[in-house]
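Quick notes on the structure that follows.
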Amino acid sequence: MGLLQFLKSQFLCHLIMCYVFLVSGLIVNLIQICTLPLWLVSKQLARKINIRLAYCIASQMVAALEWWSGTECTLYTDPKSYPLYGKENAVVILNHSFEIDFLCGWTFCERFGVLGSSKVLAKKELAYVPVIGWMWYFLEIVFCKRKWEEDRTTVAQSLQKLRDYPENYWFLLFCEGTRFTPKKHQFSMQVAESKGLPKLKYHLLPRTKGFYVTVQNLRGTAAAIYDSTLNFRNNEVPTLLGILNGKKYHADLYVRRIPLESVPEDEAECAAWLHKLYQEKDGFQEQYAQTGRFPGPIVSPPRRPWSLINWLFWSCVVLYPLGLLIAQLLSSGSVLTIAAAVVVCSAVSMGMRWMIGQTEIDKSSNYGIKATALNNN
């Protein structure tokens, strides 16, 4: 292990990174709150400001992946579709099998310049998570309760509000509804058998109703579906803690651009279309398992420096006063103030570890386990 890698694995470095992320994130959240009056004066200006503020937070996590851990991201796609990425609104369908699949999705958003404006369909509980969840609120992220009777109307209303969004965005959608685990997969395939659907090896059955509502409400706004299938080389199972420790991974992403008008408007036909798409995605994963690559040529977008510059900026902003405070505490020699500093540091560490824990596969929700939930396709 080299000196740099040794330093990356040290708790003190992790604590500093966590401190920068949490404190800068809370500062950004506070600035976002200050933009509330602006929404009454100029909605579009408020949106543009919040896109930049959201980038300040999200790009720090991308910087951790790209610059701290050095993770490589390779894109397999049609060279004819490549020039359109980042220049149009799109619905991005991602498989949900890894702890950092959302982060890899953000990384490609960053490389095509749509990180600050991109959207997700997220569970309502995430709206209460400090920094990320509060940032999403001001980004007009679509939240759902996973109770379809209530979600159908609220999701449609939220999507309709995006029709006049001032900048290009990608709407990232995990159609499986929850992260892949062997237990969920076994149950999902039981449902597939009961419904006469082909079984999938690498995916859960997609949630067709949420996809249908998303597509219907973004017709005329989004130009295409980006069918995206992610995997990692050498059978690696990446984690957010691994990224924090500076471990390098290599992600491969296969993207197909499908014009949105090719998706059927009839709900039943749209559901059948999505099931067929996931059967094809399963085939791509099978090919990757056998050959170590996805079909098609490699067209890899380069890393952009802005995520690193943003992280360095916020590090200077929040670490300088911290350094002055620590120097003052040490010079004062007060046991009480030093103890208070230790408590604050411990709280930062515990808070960040809790947030990381929300991404761990063994901490994922049980959504999809119950038959009543799975039958809601």
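Nothing fancy with the numbering, it's 1 onward along the sequence.
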Electrostatic pair Arg256:Glu280 at N-O distance under 4.0 angstrom: yes

Co-membership, hydrophobic cluster, residues Val213 and Val215, 4.5 Å side-chain: yes

Minimal non-hydrogen separation, Cys270 against Pro264, with atom names: CB-O, 3.6 Å

Any residue meeting side-chain hydrogen bond (donor to acceptor under 3.5 Å, both in side chains) with Tyr55, in chain and number order, not counting sequence neighbours: Glu110

Over 12 foreign heavy atoms within 6.0 Å of CD, Gln190: yes

Check: Glu265 main-chain N/O paired with Glu269 side-chain donor or acceptor under 3.5 Å: no

Phe138 side, atom CZ; Trp134 side, atom CH2 - distance, nearest 0.5 Å: 10.5 Å

pair Lys8-Lys247: side-chain heavy atoms closer than 4.5 Å: no

From CA spacing to verdict: side chain to side chain contact (heavy atoms under 4.5 Å, CB included), Glu72, Tyr249: CA-CA 6 Å; Glu72 299 287 342; Tyr249 302 104; over 6 Å; no

Cluster overlap Val129 with Ile33, hydrophobic side-chain contacts below 4.5 Å: no

Contact summary for Glu99 and Leu240, nearest pair of heavy atoms: OE1-N, 3.8 Å

Quiz item: cation-pi between Lys281 and Tyr278, 6.0 Å / 45°: yes

Candidates Met189, Gln279, His275 - the one meeting side chain to side chain contact (heavy atoms under 4.5 Å, CB included) with Pro198: Gln279

Heavy-atom closest pair, residues Ala224 and Glu88: CB-OE2, 4.0 Å

4.5 Å side-chain heavy-atom contact, Asp164 and Arg47: yes

Heavy-atom closest contact (Tyr82 atom, Thr77 atom, distance): CD1-CG2, 4.3 Å

Tyr137 atom OH, over 12 foreign heavy atoms within 6.0 Å: no

Whether Asn217 side chain and Gln160 backbone form a donor-acceptor pair below 3.5 Å: no

His96 versus Thr178, side-chain donor and acceptor atoms under 3.5 Å: no

Donor-acceptor pair, side chain of His203 and main chain of Glu176, under 3.5 angstrom: no

Could you list the donor-acceptor pairs under 3.5 angstrom formed between side-chain atoms of residues 166-175 and any protein atom two or more places apart in sequence or on another chain?
| from | atom 1 | to | atom 2 | distance (Å) |
| --- | --- | --- | --- | --- |
| Glu167 | OE2 | Arg52 | NH1 | 2.4 |
| Glu167 | OE2 | Arg52 | NH2 | 3.1 |
| Asn168 | ND2 | Lys87 | O | 3.4 |

Validation row: Val263, Phe211 side chains within 4.5 angstrom (heavy atoms): yes

Pair Arg257 + Asp78: basic N to acidic O under 4.0 Å: no

Stepwise side chain to side chain contact (heavy atoms under 4.5 Å, CB included) test for Cys104 and Phe232: CA-CA 11 Å; Cys104 291; Phe232 288 85; 3.6 Å; yes

Residues in side-chain contact (heavy atoms from CB on, under 4.5 Å) contact with Arg303, at least two apart in sequence or another chain: Glu66, Trp67, Arg111

Side chain to side chain contact (heavy atoms under 4.5 Å, CB included) between Ile132 and Leu126, worked out: CA-CA 8 Å; Ile132 294 292; Leu126 292 177; over 6 Å; no

Check: Phe6 and Gln10 side chains under 4.5 Å, non-hydrogen atoms: yes

From Asn89 atom CG to Ser117 atom OG, the distance as rounded to the nearest 0.5 Å: 8.0 Å

Nearest-0.5 Å distance that lies between atom CG in Asn95 and atom CZ in Arg179: 11.5 Å

Between CD1 on residue Ile16 and CZ on residue Phe11, distance to nearest 0.5 Å: 10.5 Å

Pairwise distance OG(Ser315) to CG(Leu322) - rounded to 0.5 angstrom: 11.5 Å

Pair Leu253-Thr74, side chain to side chain contact (heavy atoms under 4.5 Å, CB included): steps then yes or no: CA-CA 6 Å; Leu253 184 70; Thr74 299; over 6 Å; no

Same apolar cluster (I L V M F W Y, side chains within < 4.5 Å links), Val23/Leu30: no

Ring pair (Phe, Tyr, Trp, His ring centres under 6.0 Å) between Phe102 and Trp106, worked out: CA-CA 6 Å; Phe102 78 96; Trp106 279 8; 5.6 Å; yes

Whether His185 and Phe180 hold their rings parallel, tilted or perpendicular, with breakpoints at 30° and 60°: tilted

Verify same cluster id: Leu139, Leu94 (apolar side-chain graph, 4.5 Å): yes

Spacing of CD1 belonging to Ile93 relative to CG belonging to Leu277, to within rounding of 0.5 Å: 5.0 Å

Donor-acceptor contact present, side-chain Gln60 to main-chain Cys56, <3.5 Å: yes

Donor-acceptor contact present, side-chain Ser188 to main-chain Leu205, <3.5 Å: yes

Check against ring pair (Phe, Tyr, Trp, His ring centres under 6.0 Å), Tyr85 and Tyr226: CA-CA 9 Å; Tyr85 297 158; Tyr226 294 169; 4.8 Å; yes

Lys199 side chain to Leu197 backbone, donor-acceptor under 3.5 Å: no

Lys161 with Glu140: basic N within carboxylate O range, under 4.0 Å: no

For Cys73 against Leu65, the heavy-atom pair lying closest together: SG-CD2, 4.3 Å

Non-hydrogen atoms of Ser69 and Ile243 that approach each other most closely: OG-CD1, 3.6 Å

Single-linkage hydrophobic cluster Trp311~Val318, side-chain heavy atoms < 4.5 angstrom: yes

Inter- and intrachain pairs under side-chain hydrogen bond (donor to acceptor under 3.5 Å, both in side chains), touching residues 25-42, at least two apart: Asn29-Gln32, Gln32-Asn50, Thr35-Asn50

Residue pair Asp151, Lys124: steps toward the salt bridge (Lys or Arg N to Asp or Glu O under 4.0 Å) verdict: CA-CA 10 Å; Asp151 287 338; Lys124 184 68 174 179; over 6 Å; no

Residues, nucleotides or ligands: over 12 heavy atoms within 6.0 Å of Lys43 NZ: yes

Any donor-acceptor pair under 3.5 Å from Asp266 side chain to Ala268 backbone: yes

Residues in ring-ring contact (aromatic ring centres under 6.0 Å, His included) contact with Trp314, at least two apart in sequence or another chain: none

Qualifying salt bridge (charged side-chain N to carboxylate O under 4.0 Å, His left out) pairs, either residue in residues 233-242, two or more places apart: Arg233-Asp252

